[in-house]
Every structure is written in structure tokens, then in C-alpha cells.
Amino acid sequence: AQRVTQPEKLLSVFKGAPVELKCNYSYSGSPELFWYVQYSRQRLQLLLRHISRESIKGFTADLNKGETSFHLKKPFAQEEDSAMYYCALSGLNTDKLIFGTGTRLQVFP
Amino acid sequence: GAGVSQSPSNKVTEKGKDVELRCDPISGHTALYWYRQSLGQGLEFLIYFQGNSAPDKSGLPSDRFSAERTGGSVSTLTIQRTQQEDSAVYLCASSLIPRGGGEQFFGPGTRLTVL
């Protein structure tokens with residue numbers, strides 16, 4: 001079965017602390033993995049995707065096929081990073097996204 | 001340019017009534033998706049339109065739900081005989097590049113409340 005698991009509903013850190021939002025997936029095949037973010041009163045938007053291997057707003061995510069994980073990391077959290085983060089996957093033959101339940105990141109000053 | 005738009009932004013209805021939710025995708029985007037965001041369930045895929053291909057309806061929760069896309073642009077999601085468990089935010093998204101890796105652009109959503 002296709003599934004995305006985000007074990008933490010809420011992650012609270014202080015400004016400047018490292019952040020890791022966990023994401024594990026279950027998929028038979030080679031999925032495409034994404035992180036989407038929803039800031040307060042804004043639309044859901046793409047943060048990064050594993051095929052791009054890029055760093056966006058200081059965030060990076062590495063696909064670990066052995067551990068079926070795609071954790072999102074940032075070495076120094078900022079207050080403006082406070083948002084809801086969703087991990088998602090799609091398959092090679094379909095673009096529909098399977099989302100995790102999301103993790104709310106709170107960064108305190 | 002304009003992003004994905006959805007209407008209405010809020011809809012309150014009584015149990016048993018039918019509702020129609022509208023989505024205007026970004027011009028030129030060939031793929032259109034509907035998702036549902038509800039408390040405790042996260043974001044669930046509902047239906048996916050890609051060009052002239054038959055839609056992927058695998059996420060529709062019951063036969064009370066249907067959607068159409070006219071002229072390859074505007075889409076309408078219809079929920080018949082609404083139930084309280086249909087209360088959720090319904091999100092529409094569109095993308096330009098099919099077959100994986102394409103960024104999906106989301107609308108602001110329609111918040112549906114079934115009393």
C-alpha cells in the first residue's frame with residue numbers, strides 16, 4: 001500500500017536550533033518525494049522535491065531508499081519557518097500526491 | 001499571473017443537500033487535481049484530470065462524489081446528499097508537467113460545513 005507517515009504532529013524549537021521533520025514512506029516502486037509547506041493564511045506550496053536535490057530557504061531533504069525516509073532538515077531554524085509541513089509522494093505513472101498527515105513546526109524567539 | 005482560484009471560499013449547507021465546488025486552474029495547465037483536507041485525516045487525494053485522458057477517480061470516497069472538467073479548464077466537484085462527514089476543506093491544484101516531478105499549484109480551498 002502507498003503510505004506516507006509523519007510521526008510528529010507538532011515540533012517546537014527555539015530560533016537557531018536545528019530542525020528535523022521526519023517522513024517515512026511505503027511504496028512499491030520508485031516514488032517521487034516532495035515537501036509541501038503551508039504558512040499561516042497562505043496556500044499550500046511546494047518547498048522542495050527530491051529529484052531537484054536543491055536547498056530551499058535553508059531546508060534540505062535526502063531520499064534514503066534503504067530506510068524509505070525523506071526527512072526534512074535545517075541547521076538553524078528561523079521564526080518565519082513556523083508553518084505546517086507535509087511530506088508527499090507520487091509514482092512514476094501518476095501525478096496524484098499521497099500526503100502524510102503533516103507536522104506543525106513552531107519556532108520560538 | 002493569476003493562480004488557481006476556487007469558489008465559493010466558504011459553503012455552509014444542510015445535511016442531504018447537494019453542493020457544487022468550482023476550480024479555475026492556471027491557464028495552460030493540463031493536469032487538475034482535487035484533494036480534501038479534514039481534521040485528523042490530513043490531505044486526501046480525490047480525483048485527477050490529465051488532458052483528454054479518462055480521469056483517475058480512485059480517491060472519491062463514495063458515489064455521492066463526482067467531478068467534471070469542461071473544455072480542459074474549469075472543474076466542478078459535486079457532492080450529492082451531503083453528510084456531516086463531508087465537512088472539510090476541498091483543495092484544487094493544477095500542474096503543467098505530467099508524469100511525476102511536476103509542481104502542483106494549489107488554490108485557497110473551499111471550506112465546506114455540513115450542518
Side-chain angles (χ1 to χ4, degrees), chain A residues 1-10 21-54 56 61 63 70 83-104, chain B residues 2-6 9-10 23-26 29-51 53-61 67 69 75 88-111:
Chain A
Q2 303 171 29
R3 185 182 299 133
V4 177
T5 303
Q6 293 180 253
E8 304 136 330
K9 287 188 176 181
L10 174 66
L21 286 78
K22 290 184 167 48
C23 172
N24 288 87
Y25 66 90
S26 173
Y27 186 82
S28 52
S30 295
E32 304 285 350
L33 273 295
F34 306 84
W35 278 98
Y36 278 79
V37 61
Q38 190 166 28
Y39 300 102
S40 179
R41 290 182 293 278
Q42 292 188 27
R43 304 177 182 204
L44 192 63
Q45 58 187 282
L46 178 68
L47 180 62
L48 54 79
R49 71 195 93 178
H50 92 271
I51 59 171
S52 298
R53 303 185 67 81
E54 57 198 346
I56 302 294
L63 178 62
F70 189 57
M84 194 74 179
Y85 291 80
Y86 293 94
C87 183
L89 70 77
S90 69
L92 286 178
N93 295 316
T94 177
D95 292 297
K96 68 183 184 187
L97 290 170
I98 306 299
F99 284 92
T101 50
T103 297
R104 180 168 298 282
Chain B
V4 177
S5 60
Q6 293 185 245
S9 55
N10 278 285
C23 171
D24 283 89
I26 293 172
H29 279 193
T30 57
L32 185 148
Y33 317 78
W34 283 98
Y35 297 92
R36 179 169 70 174
Q37 188 175 30
S38 50
L39 284 175
Q41 298 293 325
L43 281 153
E44 304 170 81
F45 164 77
L46 296 177
I47 187 169
Y48 160 45
F49 296 90
Q50 169 53 37
S53 302
D56 178 350
K57 304 179 182 180
S58 60
L60 295 179
R69 189 178 185 191
S75 178
V89 176
Y90 289 81
L91 294 175
C92 176
S94 69
S95 71
L96 180 59
I97 304 172
R99 289 293 177 259
E103 176 179 359
Q104 293 188 20
F105 294 84
F106 283 81
T110 294
R111 182 175 296 278

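Quick note on labels: first sequence line is chain A, next is B, and so on, each numbered from 1. The shown structure was predicted, so the numbers you read here are calculated from the model rather than taken from an experiment.
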B:Pro108 versus A:Gln42: any side-chain heavy-atom pair under 4.5 Å?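 A side-chain contact under 4.5 Å is absent here.
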Got B:Leu43 and A:Ile98 here, is their nearest side-chain heavy-atom distance under 4.5 Å?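 A side-chain contact is absent here, since even the closest heavy-atom pair is not under 4.5 Å.
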To the closest 0.5 Å, what do you measure between OH (B:Tyr33) and OG (A:Ser90)?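 OG of A:Ser90 is found 8.0 Å from OH of B:Tyr33.
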Value rounded to 0.5 Å, distance of OG in B:Ser95 from CG in A:Leu97: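 So the gap between those two atoms works out to 8.5 Å.
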Under a 4.5 Å heavy-atom cut-off, does chain A meet the side chain of B:Tyr35, its backbone, both or neither?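 Looking at B:Tyr35, just its side chain touches chain A.
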When you measure from the side chain of A:Arg43 to the backbone N and O of B:Val4, does any donor-acceptor pair fall under 3.5 Å?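 Looks like yes, one N/O pair under 3.5 Å.
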Is the backbone of A:Asp95 close enough, under 3.5 Å, to the side chain of B:Gln104 for a donor and an acceptor to pair up by distance?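 Yes; judged by distance alone, with no hydrogens or angles, the pair exists.
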Any chance the rings of B:Phe106 and A:Tyr36 have centres within less than 6.0 Å?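 Yes, the ring centres sit under 6.0 Å apart.
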Does atom CZ (A:Arg104) have a neighbourhood of more than 12 heavy atoms from anything else shown, all under 6.0 Å?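 12 or below, so no.
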Which residues satisfy the salt bridge (Lys or Arg N to Asp or Glu O under 4.0 Å) test with B:Glu44, sequence neighbours excluded?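 Applying salt bridge (Lys or Arg N to Asp or Glu O under 4.0 Å) to B:Glu44 gives B:Arg36.
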How close do A:Gln38 and B:Gln37 get, heavy atom to heavy atom, and via which atoms?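 The pair with the smallest heavy-atom distance is OE1-NE2, 3.5 Å.
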